[in-house]
Visitor: 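Pasting a structure below so you can have a look.
Side chains are part of it too, since the values below use all heavy atoms of this structure and drop only hydrogens, waters and symmetry mates. None of these values were measured; they are calculated from a predicted model.
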Amino acid sequence: MNPHFYGFTTESEFISRATRPHLPATPLPGGVSCTSKYIRTDHSWCSEGGVWVLTRKKNRPELPLSEIILRVRILVIDDQDFPYIKLFKRDGYTIEKWRDVTSIKALEQGQYDLILLDLQGVGARVSIEDQGLGVLKHIKQVRPSQLVIAYSNAEFPVKYQSFFELADGVLPKSADYFDFKRKVDDLLRNNFSLGFHMERISTALNEVGLSGRKDLKLAKKAVRRGDTSALRQHLSRTLDNVTVEKIVSIAQLAINVTRLWTQ
């Protein structure tokens, strides 16, 4: 799909009128490129030849992995030594290790961008029967958007299969550094991708039967405005609290990504 633009003669006119949906769209002339000035959700606003334009782009801007690594905090929860701590630090990651669940509050508040969770030997004090699996379940119930990679060499009964499905990634504890790094990098890239989160919102709405244009429009509006209150109120009319929090948390992640480009 070719990009489109709205033309304005002054910056003030652009700022005051750029988001009006009824303005006519005209194909952007071939070969024209411009330097981004403002970037919000699926729009890139810029100045080209003295005329302010609003381009609609299918491919949204994303941070390079090198910059993402500088922004994130990773937590390892493992009762044994995690052999790749030094390698992650060498490659620029900020990574911390707990031998057990040290602070439930830190987990619930999302103080870490990604958690590497050993499912065996941790969490017995807070989840006697399920241990690490119980920790995973609690994290995902309280903070559905929290990234968690679960790993273990233990064999678990079939009844625990649903727990594994809660994790964003699963690895054997015997996996090498490259396996862990690839999984970590893939999840971090997604976490800083606006397009990825918008697709997650659309999928989550479809799963609960809210696939209408109004529902998706409200979600996009929440991301664009940086305010999820109207979206939460709308979803709460028909969905349970857990599902509402799941969708709203994804929208908040999308908002966080857009703020990286509007600061």
Visitor: Rounded to the nearest 0.5 Å, what separation is found between the CD atom of Q109 and the OG atom of S103?
Guide: 7.5 Å
Visitor: Yes or no on side-chain contact (heavy atoms from CB on, under 4.5 Å) for L107 and Q146, after CA distance, side-chain angles and deciding distance?
Guide: CA-CA 9 Å; L107 301 181; Q146 174 67 61; over 6 Å; no
Visitor: Please name the pair of heavy atoms, one in G92 and one in I69, separated by the smallest distance, quoted to 0.1 Å.
Guide: O-CG2, 3.4 Å
Visitor: Is there a chain of hydrophobic side chains (I, L, V, M, F, W, Y, each step under 4.5 Å between heavy atoms) that links L136 to V142?
Guide: no
Visitor: Do side-chain atoms of T228 reach the backbone of L231 as a donor and acceptor pair under 3.5 angstrom?
Guide: no
Visitor: Between G169 and K183, which heavy-atom pair has the shortest distance, and what is it?
Guide: CA-CD, 4.2 Å
Visitor: Is there a side-chain contact between V72 and F192, using heavy atoms and a 4.5 Å cut-off?
Guide: yes
Visitor: Less than 4.5 Å apart, side chain to side chain, heavy atoms only: is that true for I115 and I77?
Guide: yes
Visitor: Give me the atom names and distance for the closest heavy-atom approach of S152 to L119.
Guide: CB-CB, 4.1 Å
Visitor: Please tell me whether F88 and F180 form a close aromatic pair, meaning their ring centres lie under 6.0 Å apart.
Guide: no
Visitor: Any non-hydrogen side-chain atom of V223 less than 4.5 Å from a side-chain atom of L194?
Guide: yes
Visitor: Quick check on K140: does its NZ atom have over 12 non-hydrogen neighbours (other residues, nucleotides or ligands) under 6.0 Å away?
Guide: yes
Visitor: Measuring from atom CZ of R225 to atom NZ of K220, what distance do you get when rounded to the nearest 0.5 angstrom?
Guide: 15.0 Å
Visitor: Answer yes or no: is there a donor N or O on one side and an acceptor on the other, between the side chain of D168 and the main chain of V148, under 3.5 Å?
Guide: yes
Visitor: Might you confirm whether atom NZ of K97 has over 12 heavy atoms from other residues, nucleotides or ligands at distances under 6.0 Å?
Guide: yes
Visitor: Is the closest basic N to carboxylate O distance between R143 and E108 below 4.0 Å?
Guide: no
Visitor: Determine whether a donor-acceptor pair (N or O, by modelled atom type, separation under 3.5 Å) exists between the side chain of T102 and the backbone of D100.
Guide: yes
Visitor: Under the rule for side-chain contact (heavy atoms from CB on, under 4.5 Å), what residues qualify as partners of K217, not counting sequence neighbours?
Guide: none
Visitor: Given side-chain hydrogen bond (donor to acceptor under 3.5 Å, both in side chains), test N241 with E245 step by step and report yes or no.
Guide: CA-CA 6 Å; N241 290 336; E245 288 305 317; over 6 Å; no
Visitor: Measure the shortest side-chain to side-chain distance between V101 and V122 over non-hydrogen atoms and say whether it is less than 4.5 angstrom.
Guide: no
Visitor: Yes or no on side-chain hydrogen bond (donor to acceptor under 3.5 Å, both in side chains) for D176 and Y84, after CA distance, side-chain angles and deciding distance?
Guide: CA-CA 8 Å; D176 63 23; Y84 308 129; 5.9 Å; no
Visitor: Testing the basics here: between I201 and A219, what is the closest heavy-atom pair and its distance to 0.1 Å?
Guide: CG2-CB, 3.6 Å
Visitor: Counting N and O atoms only, with roles assigned by atom type, does the side chain of D113 sit under 3.5 Å from a partner on the main chain of R73, one being a donor and the other an acceptor?
Guide: yes
Visitor: Could you give me the CA-CA distance, side-chain angles and deciding distance for D240 and T243, then say whether side-chain hydrogen bond (donor to acceptor under 3.5 Å, both in side chains) is met?
Guide: CA-CA 6 Å; D240 60 86; T243 305; 3.0 Å; yes
Visitor: When rounded to the nearest 0.5 angstrom, what is the spacing between OG1 in T258 and CG in L253?
Guide: 11.0 Å
Visitor: Are a donor atom and an acceptor atom from the side chains of Y151 and D179 found within less than 3.5 Å of each other?
Guide: no
Visitor: Any chance you could measure L70, atom CG, to T94, atom OG1, to the nearest 0.5 Å?
Guide: 8.0 Å
Visitor: Going from CD1 on I255 to CZ on R224, what distance comes out if it is rounded to the nearest 0.5 angstrom?
Guide: 11.5 Å
Visitor: Strictly distance-based, threshold 3.5 Å: is any side-chain N or O of R200 a donor or acceptor partner for the main-chain N or O of I250?
Guide: no
Visitor: Could you tell me whether a side-chain N or O of N191 sits under 3.5 Å from a main-chain N or O of L187, the two making a donor and an acceptor?
Guide: no
Visitor: Between the side chain of S236 and the main-chain N/O of R232, is any donor-acceptor distance below 3.5 Å?
Guide: yes
Visitor: Determine, using the 4.5 Å side-chain heavy-atom cutoff (strictly less than), whether I104 and L166 are members of one ILVMFWY cluster.
Guide: yes
Visitor: Relative to the ring of Y112, is the ring of W98 parallel (under 30°), tilted (30 to 60°) or perpendicular (over 60°)?
Guide: perpendicular
Visitor: Are any non-hydrogen side-chain atoms of L239 and L210 less than 4.5 angstrom apart?
Guide: yes
Visitor: If you count heavy atoms of other groups shown closer than 6.0 angstrom to CZ of R90, is the number above 12?
Guide: yes
Visitor: side-chain hydrogen bond (donor to acceptor under 3.5 Å, both in side chains), that's the test. Do Q80 and K173 meet it? Break it down for me.
Guide: CA-CA 11 Å; Q80 300 177 345; K173 195 168 185 175; 3.1 Å; yes
Visitor: Once you round to the nearest 0.5 Å, how far does CD of E96 lie from NZ of K89?
Guide: 9.0 Å
Visitor: Quick one: are I74 and V184 in side-chain contact, heavy atoms under 4.5 Å?
Guide: yes
Visitor: Testing the basics here: between P83 and D81, what is the closest heavy-atom pair and its distance to 0.1 Å?
Guide: CD-O, 3.5 Å
Visitor: In the structure I gave you, are the side-chain heavy atoms of I149 and L171 within less than 4.5 Å of one another anywhere?
Guide: yes
Visitor: Test of understanding: with salt bridge (Lys or Arg N to Asp or Glu O under 4.0 Å), list the residues that count as partners of K181, not counting sequence neighbours.
Guide: D185
Visitor: When you look at L117 and D78, which way does the side-chain contact (heavy atoms from CB on, under 4.5 Å) test go after all the steps?
Guide: CA-CA 7 Å; L117 176 64; D78 193 331; over 6 Å; no
